[in-house]
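Because the structure is predicted, anything quoted here is derived from the model rather than measured. Reminder, nothing fancy here: chain letters follow the sequence lines and each chain counts from 1.
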Protein chains: 2
Amino acid sequence: MIDRIDIKLLDLLQRHGPRPAAELGEKVGLSASACHRRIRALEAGGIIAGYTARLVPERIGLGLDVFVDISLTSQSEEALTAFESAVKSYDEILECQLLSGASDYRLRVAARNVADFDRLHRHCLSRLPGVAAMHSAFTLRTIKAFEGYPVSGIDERR
Amino acid sequence: MIDRIDIKLLDLLQRHGPRPAAELGEKVGLSASACHRRIRALEAGGIIAGYTARLVPERIGLGLDVFVDISLTSQSEEALTAFESAVKSYDEILECQLLSGASDYRLRVAARNVADFDRLHRHCLSRLPGVAAMHSAFTLRTIKAFEGYPVSGIDERR
DNA sequence: TATTTCAACGCAAAAATTGTGCGCTCTTGT
DNA sequence: ACAAGAGCGCACAATTTTTGCGTTGAAATA
């Protein structure tokens, strides 16, 4: 279903996005057309969800990266649903997951600066329904930013 | 330096990656060539760092998403540097940041399953130098995955 | 072991997209 | 009012993507 060549392709595509099929083909030892068909198959098969431009947050004025851990007053189905749909409605909330452990939810938000985070805090965070406690942690420095999944260890079947 | 049209372009490109300039141009009210030049300028200006294929972690066998908070035994320059370069050397560590607050570092790792996380734990996490304490939190459910920065509120200068 | 089958490949041509030169227009500054 | 410069659309050239088709090699079948 996925062989060594596909893995190489995924690795290349994950790092440097769309490149001419001829170039990729050369790197993985395939003709341009064969390579092209492989890529289409990976897309159609749902391995590759799509392509995106990677923006540099600082260059668009979002210099502050904050994790916010939140626990709710109630764990009822309704409480969770209400909270989650509120979360989804704010673009400033970049990510949100339900975690094992003490705090229930963790979300990541982007802000221009501390003052902007304060605005965000009042404008959206404080409006999330059912919040019992909230704790923020600022990113002081990014040691390693997400640049793709390790693709070397995929199940091969060929 | 960046106007309303660029913002629209960034938004489009961030969501749906490279699309024909003619199509983007139509959406933002520009000819294909003008649109094309705008995009090149955004790339050259460092606003767009590049393009990447977005892989679906489950489809490549990485079903487990874990946050690991780590505090070090020493805060010395050397200790931090040693820790950080070790972190960078492991592909399984997807992200790492230095945080304000109690725990020093937070990293995010991807594993196939719990058994694989155990392997990871022994194979790389436990080999990170200078670790005093480590605490893991598993993602039970992703409410919102990262899909780009909010681009609406960029400083416009036109 | 010979034969059939089928997926995947490479080549080549067609279709689409990107990349570029150029003249025009509108805004800004003097 | 006028010169200068940024940004636009058009037209065309250069690349890249996409598809048709015949071939090849491995696995299944007889």
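Heavy atoms from other residues, nucleotides or ligands lying under 6.0 Å from CZ of B:Arg15 number 12 at most. Around atom CD of A:Glu26, no more than 12 heavy atoms belonging to other residues, nucleotides or ligands sit under 6.0 Å away.
Put simply, the side chain of B:Lys8 never gets that close to the backbone of B:Val28: no donor and acceptor are under 3.5 Å apart.
Between the C1' atom of C:dT18 and the CZ atom of B:Arg37 lies a distance of 12 Å, rounded to the nearest Å. For the pair B:Glu23 CD and C:dA16 C1', the computed distance is 13 Å after rounding to whole Å. In this structure, A:Leu24 places its CG atom 14 Å from P of C:dG10, rounding to the nearest Å. Note: CG (A:Asp3) to P (C:dA7) measures 15 Å, nearest angstrom. One can place CD of A:Glu43 at 13 Å from C1' of D:dT18, the figure rounded to the nearest angstrom. Per the geometry, CG belonging to A:Leu30 stands 17 Å off P belonging to D:dT24, to the nearest Å. Protein atom CG of B:Leu9 is 14 Å distant from nucleotide atom C1' of D:dC8, rounded to whole Å. Following rounding to the nearest Å, B:Ile5 (CD1) and D:dA6 (C1') show an atom-to-atom distance of 14 Å.
In this structure, of D:dT19, C:dA8, C:dT18, it is C:dA8 that holds the atom nearest to the side chain of A:Arg38. In the set C:dT18, C:dC9, D:dT17, C:dT18 carries the atom at the smallest distance from any side-chain atom of B:Arg40. When each of D:dC8, C:dT18, C:dC9 is scored by its nearest atom to the side-chain atoms of B:His36, the top-ranked nucleotide is C:dT18.
Aromatic ring centres of A:Phe67 and A:Phe138: separated by at least 6.0 Å.
Judged by distance alone, with hydrogens and angles left aside, B:Ser33 brings a side-chain donor or acceptor within reach of the base of D:dC10, the pair sitting under 3.5 Å.
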